[in-house]
Protein chains: 2
Amino acid sequence: MRMSKGVEWTVHCCTLLAALPEGTNMPAARLAEFHAVPAPYLTKHLQALARAGILDSDSGPRGGFRLARPAPEITVLEVVEAIDGREPAFTCTEIRRRGPAGGLAASEYRKPCGIHALMDSADEAWRSELAATSIGDLALYVAATASPKAIGRAAAWFQQISVRESKTS
Amino acid sequence: MRMSKGVEWTVHCCTLLAALPEGTNMPAARLAEFHAVPAPYLTKHLQALARAGILDSDSGPRGGFRLARPAPEITVLEVVEAIDGREPAFTCTEIRRRGPAGGLAASEYRKPCGIHALMDSADEAWRSELAATSIGDLALYVAATASPKAIGRAAAWFQQISVRESKTS
DNA sequence: GTCCCTATACTCGGATAGCAAGTGTCCGAGTATAGGCGG
DNA sequence: CCGCCTATACTCGGACACTTGCTATCCGAGTATAGGGAC
C-alpha cells in the first residue's frame, strides 16, 4: 500500500499558495521550480485539484493556480482524495459468500462482513485525522517552525521571480 | 492507494484457522477451496505469514498451516503488515530542503515537516484501529453473526474433507 | 493623443509512452505416511 | 505376529511470466497582454 508521490507535492503546493497574498496566483512551472519537481507531472496533479474544486486556474499570461477557497476551509483530506481517489484502500469481495459454505440467498448475509467493517473503521480513523487539519493550519505551522534562513530564501526567490516577470514587460 | 487482495484472503484464512480445534492444521489447498481463491497465489501469501511468525507450517502428508499463537494474541495489524509491508504509505522526500529556498544545513530543519507529521499521525490512527482487533475477536464475531445455514454448510464441508482424507487411507 | 486591432507568447488541459509493483503461476526440496518384506 | 525398510504421495518453499496502475512527458486549445496602426 503506497501513496502517490503527487500527494506530497500538491499538499506542499497548496501550503505555498496559502502563503501568497489574496488574489495572487502562481503558474505550475514556478511551483515546480520552487519544489524541485518535474513540471509536467506536477501540472497533471494540479489539474486534478482544479477538477476537484480545490484550486482555480487562469489561462494565458499572468495566469496560474490559486486556492479556490480560504485556506482554513480546505482540509488535507480533500487534497489527498483528489489525487489518490475517494474509494477506501480495502475492497471487500464478499469472500464469505463464495466457496462451499457460501452461495446462500442475499438475505442470509444481513450482518456486514467483520473484516470489511473493521477495515472501514480503520479507514474512517485515517480520514478523520486528515480532515482535522486544514491547509491553513499547515501554512501556520510552517510559518511558525521554519528557520528564518529558509523563510528569507523563499522571500528572496519570490522577489526574484517578480523582477523576472517585470523584466519581460 | 490500493491494498493488496492478499490481505482480505489471509485475514479470512486466519479467522477460519482460529475456528479449528487446537492442534489441527489445514493445507493451503483446502483454505483456497473454502474461499474460492487461486490456490498457488494464496500459498504465496500464507508463506509470508509463516515468515512473520503468525502461522506455523508442517510439510508432508497431514501437513498444513495453523496459528502459531492463540487467536486472541494475534492482531489484525500483524497480518496486514506481514502482507502489505510495515513501512507507512506516505514517504516524506523532504521537499522543503530542495529548490531555491532549500539547501541549508541540516541543523536548520530540526522541526519535523508538518505534512510528514500529519501523515504519520493519520497512519498511526489507522494502525491503532487495526491493532485493537484480534483474529480471535473476528472469529467470535463471525460465530455470532453468521447465519445458521452458512455455519451448517461450513460444518458439512469440514466433515466432507475429513471423509475425503479417510477415504485415501 | 486616443482607441482599436492584430500578432504574440504564455498559460492550462488532455492524450500519449515507460516502468515498477502487485498478480498469478509453476516446479523443486523435504517429510510423514502406507504398504511390503524379512525376521 | 512384529519390526524395519522402501517407495510414495502430499506438503511447503522459492523462482519465473504477466497485467494493472502509477510515473513521466509531450503537444494542442484558449486567453490576456503588448505593440503597432488608424482615426
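The chains referred to below are lettered A, B, ... by the order of the sequence lines, with proteins before strands, and numbering in each begins at 1. The figures here come from the full heavy-atom set of this structure, side chains too, leaving out hydrogens, waters and symmetry mates.
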[X] [atom1] - [N] [atom2] separation (whole Å):
| X | N | atom1 | atom2 | answer |
| --- | --- | --- | --- | --- |
| B:R62 | C:dA32 | CZ | P | 14 Å |
| A:I83 | D:dT23 | CD1 | C1' | 13 Å |
| A:Q47 | D:dT25 | CD | P | 15 Å |
| B:L49 | D:dG14 | CG | P | 14 Å |
| A:H45 | D:dA24 | NE2 | P | 8 Å |
| A:N25 | C:dC10 | CG | C1' | 12 Å |
| B:D58 | C:dA32 | CG | P | 8 Å |
| B:L46 | D:dG14 | CG | P | 13 Å |

Given [N], is OP1 or OP2 found less than 4.0 Å from the side-chain N or O atoms of [X]?
| X | N | value |
| --- | --- | --- |
| B:S59 | C:dA29 | no |
| B:K5 | C:dG24 | yes |
| B:R51 | D:dG14 | yes |
| B:R2 | D:dT20 | no |
| A:S57 | C:dT11 | no |
| A:Y41 | D:dT25 | no |

query: Taking for each residue the nucleotide of DNA chain C with the nearest heavy atom, is it B:D84 or B:G60 whose nucleotide lies nearer the 5' end?
result: B:D84
task: Let me know, please, whether A:M1 or A:P40 comes out on the 5' side of the other along DNA chain C by nearest nucleotide.
output: A:P40
message: Tell me whether A:Y141 shares a hydrophobic cluster with A:F34, the cluster being built from Ile, Leu, Val, Met, Phe, Trp, Tyr side chains joined at under 4.5 Å.
response: no
Salt bridge present between A:R127 and A:E129 (N-O < 4.0 angstrom): no
message: Are there over 12 heavy-atom neighbours, none belonging to B:R86, within less than 6.0 Å of that residue's CZ?
response: no
task: Would you mind telling me which of D:dC12, C:dT11, D:dC10 lies closest to the side-chain atoms of B:A28?
output: D:dC12
query: Side chain of A:A50: nearest nucleotide among C:dG13, D:dG13, C:dC12?
result: C:dG13
- request: Take A:K44 and B:G63, find for each the nucleotide of DNA chain D with the closest heavy atom, and name the residue whose nucleotide sits nearer the 5' end.
  value: B:G63
- request: Give B:G6 one of three labels, base, sugar-phosphate or nothing, depending on what nucleic acid heavy atoms sit under 4.0 Å from its own.
  value: nothing
task: In sequence, state the C-alpha distance, the side-chain angles, and the governing distance for B:E108 and A:R153, and then conclude on salt bridge (charged side-chain N to carboxylate O under 4.0 Å, His left out).
output: CA-CA 12 Å; B:E108 299 288 338; A:R153 286 202 178 183; over 6 Å; no
task: Given side chain to side chain contact (heavy atoms under 4.5 Å, CB included), test B:T133 with A:S121 step by step and report yes or no.
output: CA-CA 11 Å; B:T133 301; A:S121 174; over 6 Å; no
